[in-house]
Amino acid sequence: MNAPARTFKDYATDQEVRWCPGCGDYSILKAVHRALADAQADPARTVFVSGIGCSSRLPYYVETYGFHTIHGRAPAIATGVKLANPELDVWVVTGDGDGLSIGGNHLLHALRRNIDLNILLFNNEIYGLTKGQYSPTSRLGTRSPTSPGGSFDAPVTPGLFALGAGATFFARGVDIDQKGLPGLFNAAREHKGTALVEILQNCIVYNKDVFDDVANKKTAAERQIHVVHGEPMIYGAERQLGLRLNPATLKLESVTLGENGVGEADLLVHDETNPVIAQLLLGAEAPLPAPMGIIHRRPAPAFDAAFAAAKPTRRRVRVQDLLHRGNVLDRR
Amino acid sequence: MNAPARTFKDYATDQEVRWCPGCGDYSILKAVHRALADAQADPARTVFVSGIGCSSRLPYYVETYGFHTIHGRAPAIATGVKLANPELDVWVVTGDGDGLSIGGNHLLHALRRNIDLNILLFNNEIYGLTKGQYSPTSRLGTRSPTSPGGSFDAPVTPGLFALGAGATFFARGVDIDQKGLPGLFNAAREHKGTALVEILQNCIVYNKDVFDDVANKKTAAERQIHVVHGEPMIYGAERQLGLRLNPATLKLESVTLGENGVGEADLLVHDETNPVIAQLLLGAEAPLPAPMGIIHRRPAPAFDAAFAAAKPTRRRVRVQDLLHRGNVLDRR
Amino acid sequence: MSQPQLSPAASYVLRFAGDSGDGIQLQGQQFTAASALAGNDLATLPDFPAEIRAPTGTRYGVSAFQIQFGGERITTPGDTPDVLIAFNPAALVVNLRQLGPGALVVVDPETFTEQRLKRADLVTNPLEDGSLDAFQVVPVEMGRLTQEAVKPFGLGVKDSLRCKNFWALGLMLWMFDQPREPSLRWIERRFKSDQAMRDANLAALNAGHAYGETAELAHTLVQRPTPAAPLAAAEYRTVTGAEALALGLVAAGELADTEMLFCSYPITPASSVLHHLAGLEEVGISTFQAEDEIAAVCAALGASYAGKLGITSSSGPGVALKTEAIGLAVATELPMVIVNSQRAGPSTGMPTKTEQSDLYQAVYGRNADTPVPVIAARSPGDCFATAIEAVRIAVRHMTPVILLTDGYIANSSELWPIPDLDAFAPIDTTRPAAGDAPGSVFRRDPATQARIWASPGDPRFVHRVGGIEKDIGTGNISYEAANHQAMTDMRRDKVAKVADFVPDQTIEQGPARGLAVVAWGSTYGAVARAVRDCLRSGLNVAHIHLRHLNPLPKNLSELLAGFDAILVPELNNGQLATLLRDRLGVSVAQLNKVSGQPFVVAEIVRAISEHAQPRMKEVKP
Amino acid sequence: MSQPQLSPAASYVLRFAGDSGDGIQLQGQQFTAASALAGNDLATLPDFPAEIRAPTGTRYGVSAFQIQFGGERITTPGDTPDVLIAFNPAALVVNLRQLGPGALVVVDPETFTEQRLKRADLVTNPLEDGSLDAFQVVPVEMGRLTQEAVKPFGLGVKDSLRCKNFWALGLMLWMFDQPREPSLRWIERRFKSDQAMRDANLAALNAGHAYGETAELAHTLVQRPTPAAPLAAAEYRTVTGAEALALGLVAAGELADTEMLFCSYPITPASSVLHHLAGLEEVGISTFQAEDEIAAVCAALGASYAGKLGITSSSGPGVALKTEAIGLAVATELPMVIVNSQRAGPSTGMPTKTEQSDLYQAVYGRNADTPVPVIAARSPGDCFATAIEAVRIAVRHMTPVILLTDGYIANSSELWPIPDLDAFAPIDTTRPAAGDAPGSVFRRDPATQARIWASPGDPRFVHRVGGIEKDIGTGNISYEAANHQAMTDMRRDKVAKVADFVPDQTIEQGPARGLAVVAWGSTYGAVARAVRDCLRSGLNVAHIHLRHLNPLPKNLSELLAGFDAILVPELNNGQLATLLRDRLGVSVAQLNKVSGQPFVVAEIVRAISEHAQPRMKEVKP
Ligand SMILES: Cc1ncc(C[n+]2csc(CCOP(=O)(O)OP(=O)(O)O)c2C)c(N)n1
Ligand SMILES: Cc1ncc(C[n+]2csc(CCOP(=O)(O)OP(=O)(O)O)c2C)c(N)n1
Ligand code: SF4
Ligand code: SF4
Ligand SMILES: [Mg+2]
Ligand SMILES: [Mg+2]
């Protein structure tokens, strides 16, 4: 294009960012700006729709169209935006409470329909804005103002929920991963259908370092595996570790390459189109590594496209003619 | 017990059943009566909670406590019932619209928490009571008053949704299977945690015989597989067919026993505790057989039990004493 | 028994009744089409059970269809049927109560069997126990005669009997000398692919008609040709409220030159609007069936933000779920239309029965000070103009608008002069014009307080909106006390200013003094007829019917000041009465009926008679 | 500059202000505890931003806490602070507006740096540009002095400065000669496990206190010991509205001998009630955090069906989502309490700001004719009795009850005479007694129309309920017209009959003639003070404060008839005014404020002065 390329600064607004100092949301916001710049997204044709929560404040800080809506309803409102104008690039920003507690039904149906939305789920495993109550992703035993003795609601796993809803795209990243996030965001953007990206986000006030076990830079190499379609599942600081499927138990196990004759050939190869592999990865528990990257992606007809094709609201008939259809009594 | 055993007739009410003649709900109702009789359930300690829909009329026809509530909210109301009195045997009756459209969020969270409810999902792939609009389980291309040109919402698969929500029990049956259903219902009843039973139900007015491909008695043997924990996956009129896992594609394939050296030993053995197997079964598409029976069941702490343990509302402290805690200024 | 006959009249009330499986509603619709083509004015009342197909022969399973038609102005389906056609004992008993003395009762004696009587909770046989003495009973073996008529086409008994409704229809078409053509055409179309059923139904229709003509029976019916109504010169069709509402919405879209997204979740009796619109893309509307009512209103709001007018439709319980999102529409100042097809409540209540009890919810039913314009339709045909008015207010004032209709209007039909769209003024929106310079979307039109309707895609107005309080000028988040006060006042004024665009309230009929009967919504027909009758009987009474409920027309207060008393008849416990006391400080007498049934004219006449004075002779100049 | 001092007074208004990270709220609570122990009457107003930890030094990030305390009856946090302690420039400027002339302004001059001034959008330095001329400025290097005080404990700068709030607290405790013990004890408890922070905070507190005493500084402060208030003989504690509400609920459970399930979904400002109750199982209540508001109200209703009283709590937007289920509670005639902690709207609005604008929603905000009793709390302490009353109505009349409170009451605290539970009458329920024979659960108590509260587990009353209209006698589904009318009337009468149990409305103060100031809810404190002042200045005015809003007390109409005029002050656009016009047909003058802030006394005094007449000397007999 002739217009000068936009830098990531061009996607920031004049509004003062109002998150707590040190909140993980800052770095995610930066990655969003970066992703938009990388894609040279047209601000006029880009819309950020959010619910309510600390995370949902994000649209005010992105120089595109934006709609800060009500708690849990962003996917439903975004659906209306997209159906009304399929040419728009529609993003949804939500939190673990907004998207998975009150908003679970709309997220389910957006994923099921496979409407072309890019949904960013800021998962800090807590209700931040309302001062720290446990959320549907909080781990068992989480102490909070509403669970002084520790929570005993089994948490939901966003990725597994997405698979169950029939998601055609699910990716996962960590808030501080400035290198990785923009790429995931743009992969979501390019996906035709509902793309859900879960970002592990650090709420330093109410759930400080809850992801330290996987996010901590020191141990990340051993605690995270970044899966790539078509490549064997290798991780570790020296890429010395791998994941293998135990055919008997149908469970994943971690192996050390080279040790008792295990080679790359023995490792599971990531197939992002196979939900069974996604389920194996997402169902794996520590000490197995936490899966990052594009965990599931498969082509499928997008709802908005089918809708636009089946329901083109071009006026071809005058209403006046419509009124005269059927039995008419002429008394003129 | 000394009291004379209750027959299934004792679980019928004096209310006239008001479904369309020939509706699949009649046979499910019969199976419910049967199951209660088999379990000799105590009517005073049994509660049926339903939402709104043809299916949700069921509580009026069962001689126990019953609550016909509002559309989609039965799991939430049943949760309150169970938490208030954990000794009750609480059933939820819902439909594909009631439970998976408007009620999806409550079903998700009931399953996630694993509260001890027995949920019967009458899936007729249509909105019956409102005169036949397509539902979230209607197949692509379903023609209805709201989809005259055929629907293009990708349907949700109840079983996969349940797995994604973290369900600890999922079973599946056909309305006309009077032999099988009572057993499934009582297995759900005995399960400590949320048990979801999907029943394929024939709406003869608005979605007549939509399940014929699997339910039809003539072809059922080849089109259904009744899985049993610990047993190889065999089906067919002469039990001549089986399911095998293709290790390369991680997909199921149908094989004929005896043909090119395939024996029972090659077949996948059903492990009801392994969600991966459940996903393989539920994800399989025709011509592979539709899975019936207890597809997934695993032990896990029930929410209501943990709740009762952590929050025993026995009055041990007088409120008057509570009022005097903390800094008190005595001006008497 | 003397030859049963109806005394000649300008109009007749006919009621069909049978099992929900008997095709009674279809029968009624066919008779309606015929009588419309015959040039009768008419009004209908479908009255069916909640059950999809209730067990046959039961009282609660009875489905009925009533029509008043004739050669004069008709505004109601009639209080007391002149003719009842009952297909079985249950259909007879549940409808007896309403019949006028001497009414013609057509029954099939062969259906009065032991077992059928039991199904209808009858211990004795009404044909014998004298309970029909007050009426003229016409026993006709409709079942047997139908079977004979269709024998040639080799249908089974079940299928043969399914033609009974057309046989009886034929008889009634003969009786009132009305054309068979519409029904013949309909049968041809409907059974294109099923020749046997087509021929059978055609035969049944004609046989029923012939039965009336042939004189060789014991008690022939006397034919009562119905004169055509004195109709103004126009083209006419019949229309139900749901249909007219759907048509009005698309007409408004054309007038406003805006496309629309209609987002709804099925619910009785609102679904029919959705059904009528599904498939009308060619006139610029598309429909989205959402996962629930919240998603429906939210998708509609999203559409409005994106530049297509969002419309959502439901009934009381569903609208309850939408109220939070309606608040967001108010806060973000986006246009939207919320259609409420009211039904009997509370809670699930009686979904297939009618009521006007969601006025409180519409006017006052939101958290915070969140005013929303509210208007209501008065009749099936009036839904058309009301829908246009709702869209006009929404896009001119940038506000959600609630349109109230109800189950009665939605399902019943009337003869409708097809409107000329050119007669409607185009609808202005606040969309920025092509030439407009970039700027804040919160610049307001002082006449309306409306902001600019700019949408994504337009590089000039890239902006963010939300539900947090906004600075009245910039739209940025603001927690400023003074600003919140200013915004609250602005929201109040914005809705108040709608009244500046509302035509003065007029009097439907009657003098500007004496008793004012102030009504709204679907009671129009009954009130109009009642006031007409009372005026003729010399009472000093006038009929004022409100379309605009919030805000009320500016001149209403002044208009009412001229009356001695105000009577407010409503199908609720006094909700408009509250509104009038609140907004106008007037005191009113109430006539409230909450039974799930519309008013009958007599009920209103009675109330008027209690409150109105006889008219003094007026000295003509 | 002369020695700054406060003119001696019966009570003082003190305001702490700083960043949301400075521990201002804690500081205020500690001062409150001290002044309570000192026997002062008091009222507080926490005033914090929506942001959890807003960026430091910004205007919108300022957190403040205001308290009025002293030796007389105190009902409001005070209009104009006598002393402001501002930790930074932003905290100074945003609070200047409210200060009275001559107010003491304590600032830390070292915080008025270029960069800090810029953060606060200040171009010039208020300490130099004369904008403080009207006040007595007391520059105190609170930051540096704190750091010196805590140096021995080897904390970093950041941690050291976190003790500043206790340093300033110490200074104020000295200034008003109030006990340090509560704060010392609190620090001991809070930092049990962190010795350094404990010692540092203790040292800071004492250092601030000592600073006041030591005379060697340029401008010493003059100490103003505050006299104890003339309190009735009782035991006292401070309590916030949220706390008192929680305590009232559990007290009611004990009085009704029923256990409770409190089901809620977090929302500001309602969450604090949930937080207070979490962990109170030992007094018979358990809390359930639901997935959303709909699930919360539904779980509460399920609990009530199962025999534990269900309670749900939220704020306007959340209550909007509950309205459909409240309709089901009405239809099934089950007891439930819905607590609404009102906040500024519409939509998300200003969650941390207060408002009284959900009265419409509470009284009129449901589909269909669905009446629900509504009561409101007037002050933090009053939440206790109001909660008991709500439970009493719910279980005596078998109906959902809406209890209105708001963010102001919920967060602010007052000195509270600890109630004696034996003084409260036990709460009757309609539970079947052990001996009762089996039967229909729809037998009604004619005095209340309440049905029997029978629950699963009881073999005598196995039954089914639902949202479809029920036969008034059997409870079976009924679509009968007459029955629906009867049920609608019953539901209306049921709520109306609550008034039979409501004590006559009394006058708070003032004569039974002249101007009646009729108010409700959290405006109590300001109205009480305003009317007191106006009475003293000889105006003919009385204060009537309503707890029962639906139904209204039976004698209210008669009571108001005695007055010449009625003034209704509300933090909304006239919602009680509507209710009074609707129910009593009276005409009222309105005083409406919708800024997110409570009334200040002066605003009400002004309005009263406009409407009230001077009192005639009354001839003593
Ligand atoms: C209808 C409604 N219910 C509840 C709330 C209160 N509320 C606001 S944000 C929130 C949860 C926020 O948690 P999450 O979505 O995880 O966002 P986070 O603050 O953690 O980023 C809640 C309960 C609300 N604003 N509206
Ligand atoms: C809040 C609300 N929305 C919508 C409806 C209308 N409604 C009643 S049942 C139903 C769907 C029924 O479908 P399903 O749950 O599959 O039950 P089925 O009748 O097929 O057994 C709908 C949309 C309602 N009663 N309440
Ligand atoms: S509360 Fe937590 S999530 Fe919210 S802004 Fe602060 S750190 Fe971030
Ligand atoms: S409509 Fe369908 S589901 Fe409903 S009762 Fe009739 S057959 Fe059964
Ligand atoms: Mg969160
Ligand atoms: Mg269904």
Side-chain angles (χ1 to χ4, degrees), chain C residues 49-50 60 294 315-321 323-324 327-328 330-332 340 342 344-353 355 357-358 360-361 363-371 466-469 479 481-482 484-485 488-489 491-492 572-573 575 578 581-582 585 587 593-597, chain D residues 49-50 60 294 315-321 323-324 327-328 330-332 340 342 344-350 352-353 355 357-358 360-361 363-371 466-469 479 481-482 484-485 488-489 491-492 572-573 575 577-578 581-582 585 587 593-597:
Chain C
Y60 63 80
I294 297 175
S315 179
V319 173
L321 292 167
T323 52
E324 187 204 4
L328 177 63
V330 170
T332 52
N340 180 347
Q342 301 167 97
S347 195
T348 306
M350 308 194 297
T352 57
K353 306 300 179 190
E355 210 161 270
S357 51
D358 297 345
Y360 278 161
Q361 180 194 50
V363 175
Y364 302 109
R366 287 161 297 278
N367 57 297
D369 290 299
T370 313
I468 298 183
E469 187 59 284
Y479 292 100
H484 182 49
Q485 183 71 63
T488 303
D489 297 346
R491 285 184 285 260
R492 182 198 56 211
N572 63 45
N573 258 342
Q575 302 192 4
T578 289
R581 284 190 291 263
D582 176 22
S587 69
K593 176 180 183 179
V594 193
S595 71
Q597 297 295 331
Chain D
Y60 63 80
I294 297 175
S315 179
V319 173
L321 292 167
T323 53
E324 187 204 4
L328 178 63
V330 170
T332 52
N340 181 347
Q342 300 167 96
S347 195
T348 306
M350 308 194 297
T352 58
K353 305 300 179 190
E355 211 161 88
S357 52
D358 297 346
Y360 278 161
Q361 181 193 49
V363 176
Y364 302 108
R366 287 162 298 280
N367 57 297
D369 290 298
T370 313
I468 298 183
E469 187 58 284
Y479 292 101
H484 182 49
Q485 183 72 62
T488 304
D489 297 346
R491 285 184 283 261
R492 181 199 56 212
N572 63 46
N573 258 344
Q575 302 191 5
T578 290
R581 283 190 291 263
D582 176 22
S587 70
K593 177 180 183 178
V594 192
S595 70
Q597 297 296 329

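Naming: A, B, ... by sequence-line order, numbering from 1 per chain.
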_Among the listed options C/Ala344, C/Ser595, C/Gly318, C/Pro351, the residue most often paired with chain D at heavy-atom distances under 4.5 Å_ = C/Ser595
_Straight-line distance of C/Gln361 CD to D/Thr323 OG1, nearest 0.5 Å_ = 7.0 Å
*Sort out for me which of C/Glu469, C/Glu324, C/Arg492, C/Lys353 touches chain D most, counting heavy-atom pairs under 4.5 Å.*
C/Glu324
_From CD (C/Gln575) to CG (D/Asp582), nearest 0.5 Å_ = 10.0 Å
*Steps toward side-chain hydrogen bond (donor to acceptor under 3.5 Å, both in side chains) verdict (C/Asn367, D/Gln342)*: CA-CA 9 Å; C/Asn367 57 297; D/Gln342 300 167 96; over 6 Å; no
*Side chain D/Asn573, main chain C/Asp369, donor-acceptor under 3.5 Å*: no
*Reported CD-to-OG1 distance for the pair C/Glu355 and D/Thr488, which is rounded to 0.5 angstrom*: 6.0 Å
*Please report the shortest heavy-atom distance between D/Gly349 and C/Tyr479, naming the atom on each side.*
O-CE2, 4.4 Å
*Considering non-hydrogen atoms only, spot the tightest contact between C/Gln485 and D/Val594 and give its length.*
OE1-N, 2.7 Å
*Would you check if D/Val363 and C/Thr578 make a side-chain contact, meaning some heavy-atom pair closer than 4.5 Å?*
no
_Sub-4.5 Å side-chain heavy-atom contact between C/Arg366 and D/Pro346_ = no
_Top contributor to chain C contacts, counting heavy-atom pairs under 4.5 Å, from D/Ala481, D/Ser587, D/Gly365, D/Pro371_ = D/Ala481
*asked:* Please find the pair of heavy atoms, one from C/Tyr360 and one from D/Tyr364, that lie closest to each other, and give the distance.
replied: CB-O, 3.3 Å
_Minimum heavy-atom distance between D/Ser347 and C/Ala331, given as atom pair plus value_ = CB-CB, 3.8 Å
*If you count heavy-atom pairs under 4.5 Å with chain D, which of C/Pro49, C/Gly585, C/Gly345, C/Gly596 comes out on top?*
C/Gly345
*When rounded to the nearest 0.5 angstrom, what distance separates CE in D/Met350 from NE2 in C/His484?*
4.0 Å
